[in-house]
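Computed from a predicted structure; not experimentally measured.
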Amino acid sequence: MIRKYVLPLLAVIGVAVAIAMVIRGNRTGPTAQNVVQSANAPFTSYIFGPGIVEASTENIAIGTPVSGIVTAVYVKWGDRVKSGTPLFKVDTRDLEAQLLPANAKVKEVEAQLLPANAKVNEAEATLAKAENRLKVGEGLEPGVSISAEEMANRRFDVGIDKAMLASPEAQVEQINAQIASAKAQVEQIEREIELRTIRAPISGRILQMKTRLGEYAQTGVLSTPLMLLGDDTRLHVRVDIDENDAWRFQTCAPAMASVRGNPEIKTPLQYVRTDPDVIPKVTLTGDTTQRTDTRVLQVIYSFDPASMPLYVGQLTDVFVEAAPIGGTTSGPQHRAVPCGDLASGNRKPEPVNRRNP
């Protein structure tokens, strides 16, 4: 009875379950909404390039000329500093230990100057006495009031005293040279101590700090700089333009940057300069069609930070107006010509070269 009724029933149930699973699997799932909206091009014909925000002075990696333990940090993240402001200090105890005996050496040599000057004064007085006796003798009548031998002796005494004066004077000059050398040694140590206080090369803002009290600060080019400094009163955007679109680029063409994640926030850009060297691309957009061996022309624009909430190092989407591919001639279009203020609308675009029909 089991074979006659139960087994066929189980087979029918299995087929029904399989059909239900196939139908359920073929259903179209709900379409996932994009979390991040893509930017819309503000121009009908354009060049697109990802841009990275940087300070107008570029990001300056602060280094130290001498390796050592950081004994003082004078700034913190986000501080605005002026040129010459102390940023941090490297250990100076070894130089301070050298400074004590160097100052003592100066005092020791200076102490030798007093007796040497006394010998000079004594020799000058002896010479003055001999010269006075010679002058008196020259006023007397030779052979009557003074003998010729006495006059000759007085002249010899003056010559001997002059020679005797030269010796202490040379000793004083030597001591003065030793004093100058000792003071120069002190000044050198003091300058080396001052050199270990790292100061801001320009006025700007502390963008990043990787220097902490008690850590060892290494000289040279570091993968992670000790500090990053830059002037962010006006920001720059470094745009990577694909080498295939570089010939379409024109310096005074209008450009627009939008915030990633909210393309509705956008601002016009002002052209600053074009780096004349085409370099390998290092900023990847994540597009599946993008090649990693792409080379790019880097163009720098500027904008007012108050017009867009961006931070240094943030990526943006940049669109530069360009003529259609079929409407321009080949050849470089990034000539360095003066451009108006794009933010104010005072633009001086270059004429677009059209093909002759």
Side-chain angles (χ1 to χ4, degrees), residues 60-75 81-138 152-203 211 213-222 226-227 229:
I60 301 174
I62 302 297
T64 172
V66 181
S67 300
I69 303 297
V70 177
T71 57
V73 179
Y74 304 109
V75 294
V81 296
K82 295 182 178 180
S83 178
T85 301
L87 302 179
F88 63 93
K89 182 180 179 181
V90 178
D91 191 5
T92 59
R93 287 175 294 181
D94 56 332
L95 295 176
E96 291 171 355
Q98 299 176 24
L99 190 60
L100 293 176
N103 283 323
K105 180 66 175 178
V106 173
K107 294 180 179 180
E108 178 184 353
V109 179
E110 286 178 343
Q112 300 175 8
L113 189 60
L114 182 61
N117 284 328
K119 290 182 179 180
V120 171
N121 294 335
E122 182 181 357
E124 287 177 346
T126 302
L127 176 61
K129 180 179 179 181
E131 289 176 342
N132 183 61
R133 292 181 69 250
L134 177 60
K135 184 178 180 181
V136 172
E138 290 175 345
N153 289 336
R154 291 186 180 186
R155 291 189 179 95
F156 290 147
D157 289 342
V158 171
I160 292 172
D161 290 341
K162 286 183 178 180
M164 294 296 293
L165 177 61
S167 177
E169 285 180 343
Q171 185 178 5
V172 169
E173 290 180 1
Q174 183 180 3
I175 293 174
N176 286 329
Q178 293 176 354
I179 292 174
S181 176
K183 288 183 176 180
Q185 182 69 22
V186 172
E187 185 178 355
Q188 179 182 356
I189 296 174
E190 290 176 344
R191 288 187 177 183
E192 290 182 1
I193 292 176
E194 175 63 23
L195 192 64
R196 297 195 182 186
T197 299
I198 312 304
R199 300 179 180 274
I202 62 167
S203 299
T211 304
L213 194 65
E215 290 187 344
Y216 188 81
Q218 183 68 44
T219 60
V221 180
L222 307 178
L226 302 175
M227 283 187 184
L229 174 67

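Rounding to the nearest 0.5 Å gives a distance of 5.5 Å between OG1 of Thr71 and CG of Asp91. Between Leu113 atom CG and Asn176 atom CG the span is 5.5 Å, to the nearest 0.5 Å. Atom CD1 of Ile175 and atom CG of Asn117 lie 7.5 Å apart (nearest 0.5 Å). Between the CG atom in Leu195 and the OG1 atom in Thr92 there is a gap of 11.5 Å [rounded to 0.5 Å]. A distance of 12.0 Å separates CG in Leu213 from CZ in Phe88, rounded to the nearest 0.5 Å. Here the CD atom belonging to Gln174 is positioned 7.0 Å from the CD atom belonging to Gln171, to the nearest 0.5 angstrom.
Residue Glu122 qualifies as open at atom CD: its count of foreign heavy atoms under 6.0 Å is 12 or below.
Lys105 has no carboxylate O lying under 4.0 Å from a charged side-chain N of Glu110, or vice versa, which leaves the two without a salt bridge.
Nearest heavy atom pair, residue Lys82 against residue Ala200, reads O-CB, 3.6 Å. Across every non-hydrogen atom of Ile69 and Gly214, the tightest pair is CG2-O, 3.7 Å. The two residues Val158 and Leu127 make their nearest non-hydrogen contact at O-CD1, 3.5 Å. Annotation for Leu95 and Arg196: closest pair CD1-NE, 3.5 Å, computed over non-hydrogen atoms. When every heavy atom of Ala123 is checked against every heavy atom of Pro168, the shortest pair comes out as CB-CG, 4.1 Å. Scanning all heavy atoms of the two residues, the minimum distance from Ser67 to Tyr216 falls at CB-OH, 3.1 Å.
With hydrogens and angles ignored, the 3.5 Å screen pairs no side-chain donor or acceptor of Thr219 with any backbone N or O of Pro65.
In terms of the salt bridge (charged side-chain N to carboxylate O under 4.0 Å, His left out) criterion, residue partners of Arg199 (sequence neighbours excluded) are, by chain and number, Glu194.
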Donor-acceptor list for residues 186-193 side chains, cut-off 3.5 Å, not counting sequence neighbours:
residue, atom, partner, partner atom, Å
Glu187, OE2, Arg191, NE, 3.4
Glu187, OE2, Arg191, NH2, 2.8

How far apart are the C-alpha atoms of Ile198 and Lys89, what are their side-chain angles, what is the distance that settles it, and do they pass the side-chain contact (heavy atoms from CB on, under 4.5 Å) test?
CA-CA 6 Å; Ile198 312 304; Lys89 182 180 179 181; over 6 Å; no
